[in-house]
Amino acid sequence: EPAELPSQKIETETSDVAEGVPTEPFYVLLVGNDSRTGTVEITKSEYADGNARSDTMMLARIDPQTYKVTLITVPRDTTIELNGSPAKLNNAYQAGGIEASVEQVELLTGVKIDYYFDLGFVTFQKFVDALGGLSVNVPINMNMQDIVSGNDVSVAAGQQDLNGAEALVVARTRKAFATDQDACRQIQDRALVAAAITKVAQDSGMIETAVSAMMDNAETNMSADILTELVTAFASNADKLTIYQATGPYGGDINPATGEWLATRDEATWQQIIATVRDRRAAADRCCWLARAVHGRSCRHDEARHAER
């Protein structure tokens with residue numbers, strides 16, 4: 001079981017989530033886990049038990065009053081304490097599932113997470129295909145084995161309409177970047193989520209399909225009725241929809257005791273991030289701050305790597 005961290009005040013912005021559809025801003029944890037169940041790698045000894053880690057995590061703040069969505073990556077390598085020793089945040093999922101991940105992200109960020117959505121490689125592909133694909137700007141040429149089918153999948157740089165297998169390649173590609181590989185992948189992952197939200201919001205005829213796709217493929221504690229109401233409200237106000245994006249602190253170093261890379265746990269910076277996200281300042285000011293939060297990274301191709309396996 002994940003070891004408990006020192007307690008801290010957990011802030012919440014909702015008062016009626018448990019009673020029905022949220023009317024105040026609330027937080028959701030979005031997790032993409034790396035379970036090999038249903039993939040071509042499940043036969044490998046290190047994956048045969050089906051255990052998974054949280055490969056990518058986003059803290060989403062949803063505001064049903066202003067129709068603003070803020071997506072903040074929670075770096076998977078962030079340091080936590082697990083069984084008395086330093087470990088990566090994604091190990092919490094391996095030890096205690098999605099509930100352990102929610103607990104650790106709450107402790108890190110100081111917010112109360114009301115809901116979660118958790119998808120794996122297979123279910124992510126099915127979700128994207130059920131939506132009819134996603135249109136995303138791909139920053140570099142990408143090539144990787146589709147972990148589900150075993151086929152090679154190539155995606156060219158530029159604005160692309162992606163099916164499930166291609167979207168998963170975009171979500172997973174990391175080593176093809178020259179620098180800041182994980183940070184660059186985080187940008188791609190947020191772009192995919194933003195594309196899904198935008199696509200459904202702009203086509204009210206997709207509401208039923210989108211809700212079914214999510215409920216059929218994600219592990220979640222949100223009911224289909226609540227999800228339907230929220231999606232319907234955002235689709236009815238698509239002209240007001242604004243999506244902000246940023247990442248949490250991801251700088252770090254090698255842990256000399258284990259030789260493992262760990263991102264520095266920086267609760268003070270997280271407090272600043274959350275305060276900024278909650279601040280209803282002018283959109284232009286907020287946008288500029290979020291751009292600085294991602295450090296203005298330019299994700300370019302590493303020419304030495306032509307493919308990633």
Side-chain angles (χ1 to χ4, degrees), residues 1-12 14 17-18 26-39 41-42 44-61 71-124 127 147 171-172 182 185-186 189 193 214-215 217-223 247-250 252 255 257-267 270 274:
E1 292 295 325
E4 291 189 3
L5 292 172
S7 62
Q8 60 176 322
K9 181 180 179 181
I10 302 296
E11 298 182 9
T12 178
T14 64
V17 172
F26 63 97
Y27 292 93
V28 180
L29 186 65
L30 308 177
V31 171
N33 71 71
D34 65 359
S35 171
R36 265 57 177 184
T37 300
T39 75
E41 292 190 353
I42 192 60
K44 294 183 178 180
S45 58
E46 62 266 39
Y47 304 128
D49 60 5
N51 286 340
R53 297 166 300 178
S54 49
D55 201 40
T56 187
M57 287 168 283
M58 292 175 221
L59 182 65
R61 182 182 186 271
L71 303 173
I72 310 172
T73 297
V74 186
R76 62 179 185 172
D77 293 336
T78 300
T79 303
I80 65 168
E81 184 177 295
L82 191 62
N83 299 324
S85 300
K88 296 184 178 185
L89 176 57
N90 64 358
N91 293 131
Y93 186 101
Q94 190 174 31
I98 184 65
E99 292 83 4
S101 293
V102 168
E103 178 184 8
Q104 292 291 352
V105 174
E106 286 184 337
L107 290 169
L108 175 67
T109 63
V111 303
K112 176 69 172 68
I113 296 171
D114 298 294
Y115 299 108
Y116 59 77
F117 290 90
D118 179 19
L119 294 94
F121 295 142
V122 175
T123 50
F124 175 79
F127 170 72
I147 196 171
R172 295 186 65 211
D182 220 42
R185 190 182 72 155
Q186 292 165 8
D189 292 349
V193 173
M214 183 59 80
M215 300 306 296
N217 291 295
E219 179 184 350
T220 181
N221 62 343
M222 180 181 285
S223 71
T247 186
Y250 61 84
N255 179 0
T258 63
E260 183 178 53
W261 168 269
L262 291 174
T264 303
R265 185 181 185 88
D266 189 348
E267 294 178 13
W270 269 109
I274 296 302

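Along the sequence shown, residues are numbered consecutively beginning with 1.
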message = For the backbone of A218 and the side chain of D118, can you confirm whether one donor and one acceptor N or O come within less than 3.5 Å of each other?
response =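 Looks like no, no N/O pair under 3.5 Å.
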
| Option among T78, D77, L82, L262 that satisfies the side-chain contact (heavy atoms from CB on, under 4.5 Å) test with L89 |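 Among T78, D77, L82, L262, the one that satisfies the side-chain contact (heavy atoms from CB on, under 4.5 Å) with L89 is T78.
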
How about [X] and [Y]: do any of their side-chain heavy atoms sit closer than 4.5 Å?
| X | Y | answer |
| --- | --- | --- |
| I98 | Y93 | yes |
| Y27 | I72 | no |
| T73 | D189 | no |
| D34 | F121 | yes |
| R172 | I147 | yes |
| V193 | M58 | yes |
| K88 | T79 | no |
| T37 | V122 | no |

What heavy-atom pair brings [X] and [Y] nearest, and what distance separates the two atoms?
| X | Y | result |
| --- | --- | --- |
| R185 | D55 | NH2-O, 2.8 Å |
| T247 | P75 | OG1-CG, 4.2 Å |
| T264 | G252 | OG1-CA, 3.7 Å |
| L29 | I113 | N-CG2, 3.7 Å |
| A100 | A92 | CB-O, 3.4 Å |
| T109 | W270 | CG2-CE3, 3.6 Å |

Calculate, to the nearest 0.5 Å, the distance between atoms [atom1] and [atom2] belonging to [X] and [Y] respectively.
| X | Y | atom1 | atom2 | result |
| --- | --- | --- | --- | --- |
| I42 | Y47 | CD1 | OH | 10.0 Å |
| N255 | S85 | CG | OG | 9.5 Å |
| Q104 | N90 | CD | CG | 11.5 Å |
| S35 | R53 | OG | CZ | 11.5 Å |

* To do: Please report the C-alpha distance between V28 and F117 in whole Å, then the side-chain angles of each, then the deciding distance to 0.1 Å, and finally whether the side chain to side chain contact (heavy atoms under 4.5 Å, CB included) criterion is met.
  => CA-CA 8 Å; V28 180; F117 290 90; 3.6 Å; yes

What residues, two or more places apart in sequence or in another chain, satisfy side-chain hydrogen bond (donor to acceptor under 3.5 Å, both in side chains) together with S223?
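If we apply the side-chain hydrogen bond (donor to acceptor under 3.5 Å, both in side chains) test to S223, skipping adjacent residues, there are no hits.
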
Problem set entry | Lys/Arg-Asp/Glu bridge criterion (N-O < 4.0 Å) met for R76, D182 |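 Salt bridge flag = yes for D182 with R76.
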
